[in-house]
Participant: 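The structure under discussion is supplied below as structure tokens; questions concerning it will follow.
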Amino acid sequence: MPSKKLPTENKVSAAILAGGEGSRMGYKDKSCLEISGEKIVSRIIRQLSGLFTEIFVITRTPEHHTNLGVRLVGDIYQQRSSLTGIHAAISHAETDHVFITACDSPFLNKNLVTKMLSLLSPSDDVLIPIHDNWRYEPLCAVYSKRCLPFIEENLNNEIFQIIRFFPEVKVHAVDAEILQQHDQDLESFINVNTPEELSKACERAKKCNKI
């Protein structure tokens, strides 16, 4: 009799990376930027609510996030990079797997995240969306604690490209077309890096009444 796949929804943490410099945003803390009068990080927490064992934020400025109602933790490595944030998220997670997103993804879609969780197997080390051009979405992905030694090796060697450690682990790539069934325009992958992009995101939210 085949073994039943264990549910993963209740065994996954969620981490929001909010440790970037925001250089293209004039060195502003992007997680504190607002869309429709609400901080982007608060919007993301709202979308993730109810899906995970815990939600926490990786930040170097905890004083900016005292009213979020979630755990705040810092980076372990001092270098500023997305890989540093991923390392901190995996290290601080209370579960074996952690879903990681960036603080500048204002349209992260709960349905898309739910679908990703339904595809996650306990043996997956990385569950990650991939586009037709083989471009990954590493900041809308799930990582396991088994990734830690490979990430640490790269960080110790000043290698910051996230996908460089992928050959060492089990990667479950999810076709973006599958996720598109749950997020029609794949707005979950929209990032706000510049004032112009923030302005467009505000207009998008206003026009479409997005979350």
Participant: Within a radius of less than 6.0 Å around CZ of R164, do more than 12 heavy atoms belonging to other residues, nucleotides or ligands occur?
Facilitator: no

Participant: Within a strict 4.5 Å, meaning less than it, do heavy atoms of the I16 and V70 side chains meet?
Facilitator: no

Participant: If we check side-chain contact (heavy atoms from CB on, under 4.5 Å) with P62, which of these qualifies: L72, L68, V57?
Facilitator: L72

Participant: How about S13 and E54: does a side-chain donor come under 3.5 Å of a side-chain acceptor?
Facilitator: yes

Participant: Hey, are the side chains of D124 and S144 touching, using non-hydrogen atoms and a 4.5 Å cut-off?
Facilitator: no

Participant: Hey, is NZ on K145 packed in by over 12 heavy atoms from elsewhere, all under 6.0 Å?
Facilitator: yes

Participant: Decide side chain to side chain contact (heavy atoms under 4.5 Å, CB included) for L139 and S82; before the verdict, give the C-alpha distance in whole Å, the side-chain angles of both, and the deciding distance to 0.1 Å.
Facilitator: CA-CA 8 Å; L139 296 185; S82 295; 3.8 Å; yes

Participant: Which one of I162, L148, D96 satisfies the side-chain contact (heavy atoms from CB on, under 4.5 Å) criterion with Y143?
Facilitator: I162

Participant: Could you report the tightest heavy-atom contact between A93 and R71, atom names first, then the distance?
Facilitator: CA-NH2, 4.5 Å

Participant: If you count every heavy atom of other residues, nucleotides or ligands that lies below 6.0 Å from E63 atom CD, does the total exceed 12?
Facilitator: yes

Participant: Heavy atoms only: give me the nearest L186-A176 pair and the separation to one decimal.
Facilitator: CD2-O, 3.9 Å

Participant: What are the two closest non-hydrogen atoms of R204 and F107, and how far apart are they?
Facilitator: CD-CE1, 3.4 Å

Participant: Rounded to the nearest 0.5 Å, what's the gap from CG on N154 to CD1 on I151? Could you check?
Facilitator: 8.0 Å

Participant: Is it true that S188 and D183 share a donor-acceptor pair across their side chains at a distance under 3.5 Å?
Facilitator: yes

Participant: Atom SG of C140 and atom CG of L127: how far apart are they, to the nearest 0.5 Å?
Facilitator: 9.5 Å

Participant: To the nearest 0.5 angstrom, please state how far the NE2 atom of H172 sits from the OG atom of S123.
Facilitator: 9.5 Å

Participant: So does N193 get a backbone contact from the side chain of N191, meaning a donor-acceptor N/O pair under 3.5 Å?
Facilitator: no

Participant: Would you sort out whether I58 and H92 count as a side chain to side chain contact (heavy atoms under 4.5 Å, CB included), showing the intermediate values?
Facilitator: CA-CA 9 Å; I58 307 293; H92 289 296; 4.3 Å; yes

Participant: Show, in sequence, the C-alpha distance, side-chain angles and deciding distance for Q79 and H87, and conclude whether the side chain to side chain contact (heavy atoms under 4.5 Å, CB included) test is met.
Facilitator: CA-CA 11 Å; Q79 303 100 317; H87 173 268; over 6 Å; no

Participant: I'd like to check M116 versus P129 (side-chain heavy atoms, cut-off strictly below 4.5 Å). Are they in contact?
Facilitator: yes

Participant: What I'd like to find out is whether the side chain of H64 reaches to under 4.5 Å of the side chain of T59, using heavy atoms alone.
Facilitator: no

Participant: With side chains defined as the heavy atoms from C-beta onward, is the minimum distance between R43 and E34 less than 4.5 Å?
Facilitator: no

Participant: Kindly say whether N111 contributes a backbone atom to a donor-acceptor pair with the side chain of N109 at under 3.5 angstrom?
Facilitator: yes

Participant: Quick one: closest heavy-atom pair of L17 and A89, and the distance?
Facilitator: CD2-CB, 4.3 Å

Participant: Are any of the side-chain heavy atoms of L120 and F99 separated by less than 4.5 Å?
Facilitator: no

Participant: Would a 4.5 Å heavy-atom cut-off, applied to side chains only, mark R46 and K110 as touching?
Facilitator: no

Participant: Looking only at heavy atoms, what is the nearest atom pair of G85 and D75, with distance?
Facilitator: CA-OD1, 3.8 Å

Participant: Side-chain contact, heavy-atom cut-off 4.5 Å: L33 with I35?
Facilitator: no

Participant: To the nearest 0.5 Å, tell me how far I45 CD1 sits from F52 CZ.
Facilitator: 12.5 Å

Participant: How close do F160 and L83 get, heavy atom to heavy atom, and via which atoms?
Facilitator: O-CB, 3.7 Å

Participant: How long is the straight-line distance from CG of L179 back to NZ of K115, given to the nearest 0.5 Å?
Facilitator: 8.5 Å

Participant: Out of curiosity, does I159 fall in the hydrophobic cluster containing I90 (side-chain heavy atoms, cut-off under 4.5 Å, transitive links)?
Facilitator: no

Participant: Does C32 form a side chain to side chain contact (heavy atoms under 4.5 Å, CB included) with H65? I'd like the steps, not just the answer.
Facilitator: CA-CA 8 Å; C32 294; H65 306 297; 3.9 Å; yes

Participant: Quick one: CG on N67 to NZ on K39, what's the gap to the nearest 0.5 Å?
Facilitator: 5.0 Å

